[in-house]
Amino acid sequence: MLSKFKAPKGTFDIIYPDSENLEMILRIGYETLILHGYRRISTPIFENTQVFVRGIGEDTDIVTKQMYTFEDRGGESLTLRPEGTAPVIRAYLERSLHSSGVPQKLFYFGPMFRRERPQAGRYRQFHQLGAEAIGSDDPAIDSEIISIPDAYFRKLGLKKYRVIVNSIGCVNCRKPYVTFLREFLEKVDAELCDDCRKRSQKNPLRVFDCKEETCARAISEAPVISDYLCDGCRTHFHSVLGMLDALGVGHEIEPRLVRGLDYYTRTAFEFIFEGLGAQNAVCGGGRYDYLVEALGGPPTSGVGFSIGIERLLRAIDLEGIKPVKLPRLDVFVAAVEGTPREAVLRTLSILRSASLSADTDFMGRSLKAQMRHANRLGARFVVIVGGEEFERGEVVLRDLDSSKQCTLKNNELIHRIRLVIEAKSGANNE
RNA sequence: GUGAUCGUAGCUCAGAUGGUCAGAGCGCCGGGUUGUGGCCCCGGAGGUCAGGGGUUCGAAUCCCCUCGGUCACCCCA
């Protein structure tokens, strides 16, 4: 270790060639989103703390113990965003985006921050690619929101995932359901673990998430939300499911899939991947018909999803998908000892102007060492500048693949390189 | 916040019961005669053995603490 400093716990550097993979999956993600009519929005990475307190929920783990909150020099409480939806809604309201037409179909990408103990697929700074459709409660938009990650993951070549969906109803049906559930949980209280006993008071829906065998058995007979949906929610849910079928999005109904907060409504879904470890949800999302109001806006429906990019990258790796073939350096310009630097730089510049990637030596190396370095960089060609050829206005062009080289006039260089490269790529395309 | 586990060169790792134990491979840099790569050969740089304290004549090797990595719980992307 050369440095005494380390990246903060739960953070990491994204280094080539991983950086290439990131770029690639983002590009495909953007394409997919744009194809579905979504436009990118970039919001600040910090917001007034209240945006999150009210947009995520005061009692959530995120707000109570995971936020990076600080006071700036003006005394305002700011928070590094722990998720993307609340800021988007804030922007939607602040900029009156409804006036440019609803639904507003927006997507975002960027870092999120949560102070948790890191583990596989969980970091303190992580990245999400997400989308929100604001202003419509049409079940068709739910199905679109769910179909986008599906289309995206397929495009990437991913296979080992399941889509689980559920409906958690609205205020009308959830309230009565929760009381039924509480009553049931009280009956089986003795069989529940400590955590679940707490949950059955505070947030009974969460009991369904418990991994304890005994709890799972105890609640196997528990009332399920889907049996208590009001007519509106039931119809909505069935429409969404039917549309997913029509769209060819394979899915399973998971009655135990829940959301903690009151303003989450109706559709909830996740994309679960095999083999990712405990944090196996690569994408999560759902409908939030009361969220806009919670942030001070008029009654407005919304649905969205969010993809955990680090988890997605891991899934890609696990499935053995190689996202990109790394671009290769076209030309390394090597100089014979004694050649004016200006001549080398001019050659470099000419190559780059012709859209050929080019590099040269900056370490004062011998020709031999330059060649070795060129090889290490994976260069296709080496152009050797200097000596008698230089006096005659010529350079040596060496093909590192074939080990053949020739001497040619300076002004023939670009043309000759292009010929070889295009001949090769032509052959590859057949 | 809780638990488990790990921490020797850039990377992967050797270093039995404490006494040439500070090493190997890979990588990196350089050289192998006159202006040229990949293989091969030679050489070099690089480590407070995570950090601190303790036990001991003596510790990378034993004990304690701290920090960090990893995985899991909580919760979530």
Side-chain angles (χ1 to χ4, degrees), chain A residues 1-12 15 56 59-66 82-85 109-130 149 193-196 198-199 203 206 209-212 257-261 270-273 276-285 304-315 332 334-339 361 363-390 395-405 407:
Chain A
M1 181 103 37
L2 267 40
S3 160
K4 53 166 60 167
F5 296 112
K6 290 181 184 172
K9 192 193 217 9
T11 70
F12 53 91
I15 300 167
I56 299 172
D59 297 328
T60 55
D61 281 12
I62 291 179
V63 170
T64 57
K65 49 193 190 193
Q66 298 178 351
E83 58 96 49
T85 302
F109 167 76
M112 307 294 164
F113 306 84
R114 258 124 94 160
R115 226 222 94 124
E116 299 179 87
R117 215 45 190 273
Q119 78 188 70
R122 166 185 295 163
Y123 307 95
R124 289 184 174 182
Q125 176 175 340
F126 59 102
H127 297 80
Q128 288 187 335
L129 175 62
C193 67
D194 291 347
D195 284 337
C196 281
K198 272 180 241 156
R199 281 190 270 246
N203 198 345
R206 282 255 159 265
D209 283 344
C210 189
K211 282 155 191 154
E212 293 289 330
L257 178 62
V258 296
R259 288 281 115 102
L261 299 167
E270 286 181 2
F271 285 65
I272 305 294
F273 279 69
L276 280 191
Q279 314 305 324
N280 62 356
V282 168
C283 174
F305 70 77
S306 190
I307 294 168
I309 292 298
E310 285 76 9
R311 292 182 186 178
L312 178 58
L313 250 9
R314 194 136 173 269
F332 185 89
V336 175
E337 200 179 349
T339 308
D361 171 57
M363 299 299 287
R365 287 185 240 251
S366 67
L367 217 219
K368 179 194 183 71
Q370 290 179 66
M371 294 299 294
R372 214 199 300 256
H373 192 60
N375 187 64
R376 194 188 155 279
L377 292 177
R380 179 64 212 279
F381 295 98
V382 170
V383 170
I384 302 171
V385 182
E388 295 166 17
E389 293 90 337
F390 178 62
V395 291
V396 172
L397 176 65
R398 183 176 178 86
D399 183 327
L400 290 191
D401 285 3
S402 65
S403 295
K404 287 177 184 155
Q405 66 182 54
T407 302

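Computation of the quantities below employed the complete heavy-atom set of this structure, encompassing side-chain atoms and omitting hydrogens, waters and symmetry-equivalent molecules. Please read all numbers here as calculations on a predicted model, not as lab measurements. Naming convention: chains lettered A, B, ... in sequence-line order (proteins, then strands); numbering from 1 in each chain.
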Between atom [atom1] in [X] and atom [atom2] in [N], what is the gap in whole Å?
{"X": "A/Ile272", "N": "B/rC76", "atom1": "CD1", "atom2": "C1'", "value": "11 Å"}
{"X": "A/Asp61", "N": "B/rA77", "atom1": "CG", "atom2": "P", "value": "11 Å"}
{"X": "A/Glu310", "N": "B/rA77", "atom1": "CD", "atom2": "P", "value": "13 Å"}
{"X": "A/Glu116", "N": "B/rA72", "atom1": "CD", "atom2": "P", "value": "13 Å"}
{"X": "A/Lys65", "N": "B/rU2", "atom1": "NZ", "atom2": "P", "value": "12 Å"}
{"X": "A/Phe126", "N": "B/rC75", "atom1": "CZ", "atom2": "P", "value": "17 Å"}
{"X": "A/Gln128", "N": "B/rC76", "atom1": "CD", "atom2": "P", "value": "13 Å"}
{"X": "A/Phe109", "N": "B/rA77", "atom1": "CZ", "atom2": "P", "value": "16 Å"}

Can you tabulate the close N/O pairs, meaning under 3.5 Å, that link protein atoms to atoms of nucleotides 67-69 of chain B?
| from | atom 1 | to | atom 2 | distance (Å) |
| --- | --- | --- | --- | --- |
| B/rG68 | O2' | A/Lys6 | NZ | 3.4 |
| B/rG69 | OP2 | A/Lys9 | NZ | 2.7 |

Between CZ of A/Arg311 and CG of A/Leu276, what distance do you get to the nearest 0.5 Å?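 Separation between the atoms: 8.0 Å.
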
Consider only side-chain N and O atoms of A/Gln125 and A/Thr11, and report whether a donor and an acceptor are under 3.5 Å apart.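 Looking only at side-chain atoms, A/Thr11 and A/Gln125 do not form any donor-acceptor pair under 3.5 Å.
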
Can you tell me if A/Glu270 uses its side chain to pair, donor with acceptor, with the backbone of A/Ile272 under 3.5 Å?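 Not confirmed, A/Glu270 side chain does not pair with A/Ile272 backbone.
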
I'd like to know if the side chain of A/Arg114 reaches the main chain of A/Pro82, judged simply by a donor and an acceptor atom lying under 3.5 Å from each other, with no hydrogens or angles considered.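 Checking the backbone N and O of A/Pro82 against the side chain of A/Arg114, a donor-acceptor pair under 3.5 Å is found.
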
Could you check which of [options] has an atom nearest any side-chain atom of [X]?
{"X": "A/Ala120", "options": "B/rG30, B/rA72, B/rG1", "value": "B/rA72"}
{"X": "A/Ala278", "options": "B/rC75, B/rA72, B/rC71", "value": "B/rA72"}
{"X": "A/Arg365", "options": "B/rC29, B/rG31, B/rA72", "value": "B/rC29"}

Roughly how far apart, to the nearest Å, are [N] and [M] at atom [atom1]?
{"N": "B/rG7", "M": "B/rC76", "atom1": "C1'", "result": "29 Å"}
{"N": "B/rC63", "M": "B/rG1", "atom1": "P", "result": "27 Å"}
{"N": "B/rG27", "M": "B/rC13", "atom1": "C1'", "result": "14 Å"}
{"N": "B/rA60", "M": "B/rU17", "atom1": "P", "result": "14 Å"}
{"N": "B/rU61", "M": "B/rA77", "atom1": "P", "result": "44 Å"}
{"N": "B/rC49", "M": "B/rG18", "atom1": "C1'", "result": "15 Å"}
{"N": "B/rC28", "M": "B/rC62", "atom1": "C1'", "result": "37 Å"}
{"N": "B/rA22", "M": "B/rC26", "atom1": "P", "result": "23 Å"}

Taking any strand in view, what nucleotide pairs with [N] in a Watson-Crick or G-U wobble way, both distances under 3.5 Å?
{"N": "B/rA50", "value": "B/rU66"}
{"N": "B/rU36", "value": "none"}
{"N": "B/rA24", "value": "B/rU12"}
{"N": "B/rA60", "value": "none"}
{"N": "B/rU2", "value": "B/rA72"}

Please confirm whether the shortest side-chain N or O distance from [X] to OP1 or OP2 of [N] is below 4.0 Å.
{"X": "A/Gln66", "N": "B/rC75", "value": "no"}
{"X": "A/Gln279", "N": "B/rA77", "value": "no"}
{"X": "A/Arg122", "N": "B/rC75", "value": "no"}

When the ring planes of A/His373 and A/Phe332 are compared, do they come out parallel, tilted or perpendicular, using 30° and 60° as the limits?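 Answer is perpendicular, since the angle exceeds 60°.
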
Describe the nucleic acid contact of [X] in one word from base, sugar-phosphate, nothing, applying a heavy-atom distance below 4.0 Å.
{"X": "A/Tyr123", "result": "base"}
{"X": "A/Thr60", "result": "nothing"}
{"X": "A/Gly130", "result": "nothing"}
{"X": "A/Ala281", "result": "sugar-phosphate"}

Show the nearest heavy-atom pair for residues [X] and [Y], with the distance to one decimal.
{"X": "A/Pro149", "Y": "A/Cys283", "value": "CG-SG, 3.8 Å"}
{"X": "A/Arg124", "Y": "A/Lys9", "value": "CD-O, 3.2 Å"}
{"X": "A/Ile62", "Y": "A/Ile56", "value": "CG2-CD1, 4.0 Å"}
{"X": "A/Leu129", "Y": "A/Phe109", "value": "CD1-CB, 4.0 Å"}
{"X": "A/Ala334", "Y": "A/Val382", "value": "CB-CG1, 3.9 Å"}

Does B/rA9 sit syn or anti, given that only angles within 90° of 0 count as syn?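 Anti, since the glycosidic angle lies more than 90° from 0.
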
Polar pair under 3.5 Å, donor/acceptor by atom type, side chain A/Arg114, base B/rA77: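 When only heavy-atom distances are counted, A/Arg114 does reach the base of B/rA77 through a donor-acceptor pair under 3.5 Å.
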
I need the single residue from A/Gln279, A/His127, A/Gln128 that forms a side chain to side chain donor-acceptor pair (under 3.5 Å) with A/Glu310. Which is it?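 Answer to the side chain to side chain donor-acceptor pair (under 3.5 Å) test with A/Glu310 among A/Gln279, A/His127, A/Gln128: A/His127.
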
Contact pattern, 5' to 3', of nucleotides 33-43 of chain B - B, S or - by protein heavy atom under 4.0 Å: --BBBB-----

I want to check something: taking the side chain as every heavy atom from C-beta on, are A/Arg314 and A/Val282 in contact at a cut-off of under 4.5 Å?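 Sidechains of A/Val282 and A/Arg314: no contact.
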
Residue whose nearest RNA chain B nucleotide is more 5′ - A/Gln119 or A/Ile309: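 Of the two residues, A/Gln119 wins.
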
